[in-house]
Amino acid sequence: MSNLSVEQQMEIISRGAVQITPMDSLLEKLKSGRQLTIKLGCDPSRPDLHFGHAIVLKKMRQFQDLGHKVILIIGDFTGMIGDPSGKSKTRPALSLEQTRENGKSYLEQATIILDADPSKLEIRYNSEWLEALNFEDVIRLAAKYTVAQMLTREDFSNRYSNSTPISLHELMYPLAQAYDSVAIKADVELGGTDQTFNLLVGRDIQKEYGLEPQVVLTTPLLVGLDGVEKMSKSLDNYIGISEPSDVMFSKLMKVQDPQLEQYITHFTKLDVSETLALGAVQAHRVMARAIVSDFHGTDTVQAAEERYDNVAKGGVPDQMKEIIISKPEAREEDGLFWVVKLAVLAGFAASNGEARRLIQNRGLKLNSEVVSDDKLHVDLEEAIVLQKGKNDFLRLSRGS
RNA sequence: GGGUAGGUGUCCGAGUGGUUAAAGGAGACGGACUGUAAAUCCGUUCGCAUAGCGUACGAUGGUUCGAAUCCAUCCCUGCCCA
């Protein structure tokens, strides 16, 4: 176990945590000196991890570094049923193969942050024990909780009072998740603050099964780059943990000022108030450098920053994505390609109409020149650089 | 089972037979300003090689010169009663 004193360990664990319940129970578990089992439940439907997930993964990593064991629970069973979990639309049910596939992908990405040492990381699928329960077991499990208790969950009570549908099986999810804690005898379970209720149900159910209840540690929900909504892939306000260094750098520079502190706290070891004292712009840079070097190594940071500065000055970066256009998709005529179609193929617009509008609004540049005519045709004898707005570049060249 | 209110574009939401591709807002995307920030301001907002055409108001069928709007059947959801 760790050489650090229990107090020092507590300090590390507490950084950025919203809530640790109960604190003294965690102290005691740490004092015992044994390797603790730290649980994290993972949603198997969204395998693209972003910084919102990274907050909790970083925290898991800290536990690992202190010698404890992390168990990732892939909710394949729950995923098969399709957890609506508060979203207005029920998620589609996934097949067992899909959830396994997603689980693998989750693990791959999670180990960017987590220590993959098998003595410190284990992965389990909850179908292992949930599938084995028969209807009687389920009813017994359900008997341990009341409807009134369930309705104390904010999400449920809100929906109930707003007359939004709540399917009966949704009430089972907290129980299923709690049962996971029973199955692996979790000492600590981590999750975002939106998981607080579920995590606490885990304590109650563990008690019912004669186990020592887990400590619940919650981390804040990360606000995305829009500065308003919580970070999520579907809102496209996210920074992916496997993004290349230059993208990660420029996205980190876009973190809005009020969220800067959050990013420094959770993703760096920098002193928060000292860093903020540098002023918003400089603090962004320091934060972005620290995080990019943490993910990609120190040598890529400089290149990422240079690229960022170059683009800020209106320059065109050396490195950018490239695609090769072949004739049929661009409707080549007389060796010429239509800009509108090229913009669509570049992914800058979803339809020709959208591309036309982009051009009309002077948002499309070809080799740094504003495209003003939506009938423009180009030959691709030489590769061209297409640019949408300030930061989207793509090099296009012609296929044979 | 009975009653009742609903289902409109990415979302919220107006619209109860005729310039309705559908008010308004949010979001998004461009532009200006800036710190490639925020706030603010301006433009855009279904598709199509676009002065035109095609689709679209839960689904299908019908009434009508004309339907998001009227009728029928079906699907889905809320609430109340049992």
Side-chain angles (χ1 to χ4, degrees), chain A residues 84 87-90 156-168 170 223-239 246-264 276 278-288 304-317 320 327-334 336-366 368-378 386-393:
Chain A
K87 298 289 178 222
S88 47
K89 294 197 176 79
T90 305
F156 286 147
S157 54
N158 283 346
R159 286 160 68 192
Y160 191 65
S161 51
N162 290 336
S163 303
T164 316
I166 304 172
S167 300
L168 200 50
E170 292 183 59
V223 176
L225 296 179
D226 56 9
V228 182
E229 300 291 339
K230 113 180 165 179
M231 182 174 284
S232 83
K233 184 150 193 250
S234 51
L235 292 173
D236 197 25
N237 62 356
Y238 70 101
I239 311 175
D246 51 346
V247 175
M248 193 181 273
F249 192 94
S250 70
K251 284 192 175 180
L252 285 167
M253 288 301 284
K254 281 193 197 298
V255 167
Q256 302 200 5
D257 295 357
Q259 276 81 54
L260 192 52
E261 180 175 349
Q262 211 183 8
Y263 282 73
I264 297 169
L276 287 174
L278 299 171
V281 179
Q282 202 51 33
H284 269 90
R285 280 188 191 272
V286 171
M287 176 272 293
E305 189 166 2
E306 274 166 17
R307 181 196 150 112
Y308 174 83
D309 287 328
N310 180 27
V311 171
K313 276 183 281 179
V316 174
M320 69 182 80
K327 294 170 195 168
E329 52 193 357
R331 298 202 197 176
E332 183 188 21
E333 277 168 29
D334 303 328
L336 297 177
F337 295 84
W338 184 34
V339 249
V340 167
K341 209 74 201 173
L342 292 177
V344 172
L345 289 168
F348 289 165
S351 64
N352 290 3
E354 206 174 305
R356 282 170 191 277
R357 279 176 237 135
L358 185 64
I359 290 167
Q360 194 188 326
N361 287 327
R362 307 178 57 79
L364 187 73
K365 289 182 187 170
L366 193 157
S368 304
E369 301 275 327
V370 173
V371 176
S372 48
D373 176 12
D374 66 9
K375 297 224 165 31
L376 181 69
H377 284 67
V378 243
L386 214 54
Q387 178 181 356
K388 176 198 173 198
K390 290 169 192 157
N391 198 22
D392 280 339
F393 299 91

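The basis for the numbers below is simple: all heavy atoms, side chains too, and nothing from hydrogens, waters or symmetry mates.
- Here the CG atom belonging to L252(A) is positioned 11.5 Å from the NZ atom belonging to K254(A), to the nearest 0.5 angstrom.
- Nearest-nucleotide mapping onto RNA chain B: of I166(A) and K254(A), the residue sitting toward the 5' end is K254(A).
- The base-pairing partner of C79(B), taking Watson-Crick or G-U wobble contacts with both distances under 3.5 Å, is G3(B).
- The separation between E229(A) atom CD and A26(B) atom P is 14 Å, rounded to whole Å.
- When Watson-Crick and G-U wobble pairs are counted only if both distances are under 3.5 Å, U40(B) pairs with A32(B).
- Under the salt bridge (charged side-chain N to carboxylate O under 4.0 Å, His left out) criterion, D309(A) pairs with R285(A), not counting sequence neighbours.
- Separating the CZ atom of R356(A) from the P atom of C46(B) is a distance of 14 Å, rounded to the nearest angstrom.
- Rounded to the nearest Å, the gap between the P atom of U19(B) and that of G66(B) is 15 Å.
- For K251(A) and G35(B), the NZ to C1' distance is 19 Å, given to the nearest whole Å.
- When the C1' atom is compared between G30(B) and U36(B), the two are found 14 Å apart, to the nearest whole Å.
- Distance CG (L252(A)) to P (U36(B)): 15 Å, rounded to an integer number of Å.
- Between the P atom of C48(B) and the CG atom of D374(A) lies a distance of 13 Å, rounded to the nearest Å.
- For Q262(A), the CD atom counts as densely surrounded, since its 6.0 Å shell holds more than 12 non-hydrogen atoms of other residues, nucleotides or ligands.
- In this structure U10(B) sits in a base pair with A26(B), meeting the Watson-Crick or G-U test at under 3.5 Å.
- A gap of 30 Å separates the C1' atoms of U73(B) and C46(B), to the nearest Å.
- Set against G78(B), A49(B), U36(B), the side chain of W338(A) has A49(B) as its closest nucleotide.
- A side-chain donor-acceptor contact under 3.5 Å links D373(A) to the backbone of K375(A).
- If you check U36(B), A49(B), G35(B) against the side chain of N352(A), the one that comes closest is A49(B).
- For I239(A) and A37(B), the CD1 to P distance is 15 Å, given to the nearest whole Å.
- In this structure, K251(A) forms a cation-pi arrangement with Y238(A), its terminal cationic atom sitting closer than 6.0 Å to the ring centre and no more than 45° off the ring axis.
- The salt bridge (charged side-chain N to carboxylate O under 4.0 Å, His left out) test applied to R356(A) returns D374(A), not counting sequence neighbours.
- OP1 and OP2 of U77(B) both lie 4.0 Å or more from every side-chain N or O belonging to T164(A).
- For the OP1/OP2 pair of U36(B) and a distance below 4.0 Å, the side-chain nitrogens and oxygens of S250(A) include no atom meeting the criterion.
- Atom CG of L278(A) is separated from atom P of G35(B) by 18 Å (rounded to the nearest Å).
- Not a single donor-acceptor pair under 3.5 Å links the side chain of K388(A) to the backbone N or O of F393(A).
- Comparing the same atom, C1', in U69(B) and in U64(B) gives a spacing of 13 Å after rounding to whole Å.
- Of the possible polar contacts, none joining the E229(A) side chain to the G224(A) backbone as a donor-acceptor pair under 3.5 Å is found.
- C75(B) and A82(B) are spaced 26 Å apart, taking the P atom of each and rounding to whole Å.
- If you check A21(B) for Watson-Crick or wobble pairing at under 3.5 angstrom, you find it has no partner at all.
- Shown here, A68(B) forms no base pair; nothing in the strands shown gives a Watson-Crick or G-U wobble contact with both key distances under 3.5 Å.
- As rounded to whole Å, 15 Å separates atom P of A37(B) from atom CE of M287(A).
- N237(A) places a side-chain N or O within 3.5 Å of a backbone atom of S232(A) that can act as its donor or acceptor partner.
- Among the nucleotides A37(B), U36(B), G78(B), the one closest to the side chain of A312(A) is U36(B).
- A gap of 15 Å separates the P atoms of G25(B) and A14(B), to the nearest Å.
- Remark: U73(B) base-pairs with A59(B); criterion is Watson-Crick or G-U wobble with both hydrogen-bond distances under 3.5 Å.
- Taking atom C1' in both C79(B) and G62(B), the straight-line distance is 32 Å, to the nearest Å.
- Annotation: U34(B) and U40(B) have their C1' atoms spaced 11 Å apart (nearest Å).
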- Item | Reading 5' to 3' through nucleotides 28-33 of chain B, protein heavy-atom contacts under 4.0 Å coded B for base, S for sugar-phosphate only, - for none | -SSS-B
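- Nucleic acid contact for A280(A): base, since at least one base atom lies under 4.0 Å from a heavy atom of the residue.
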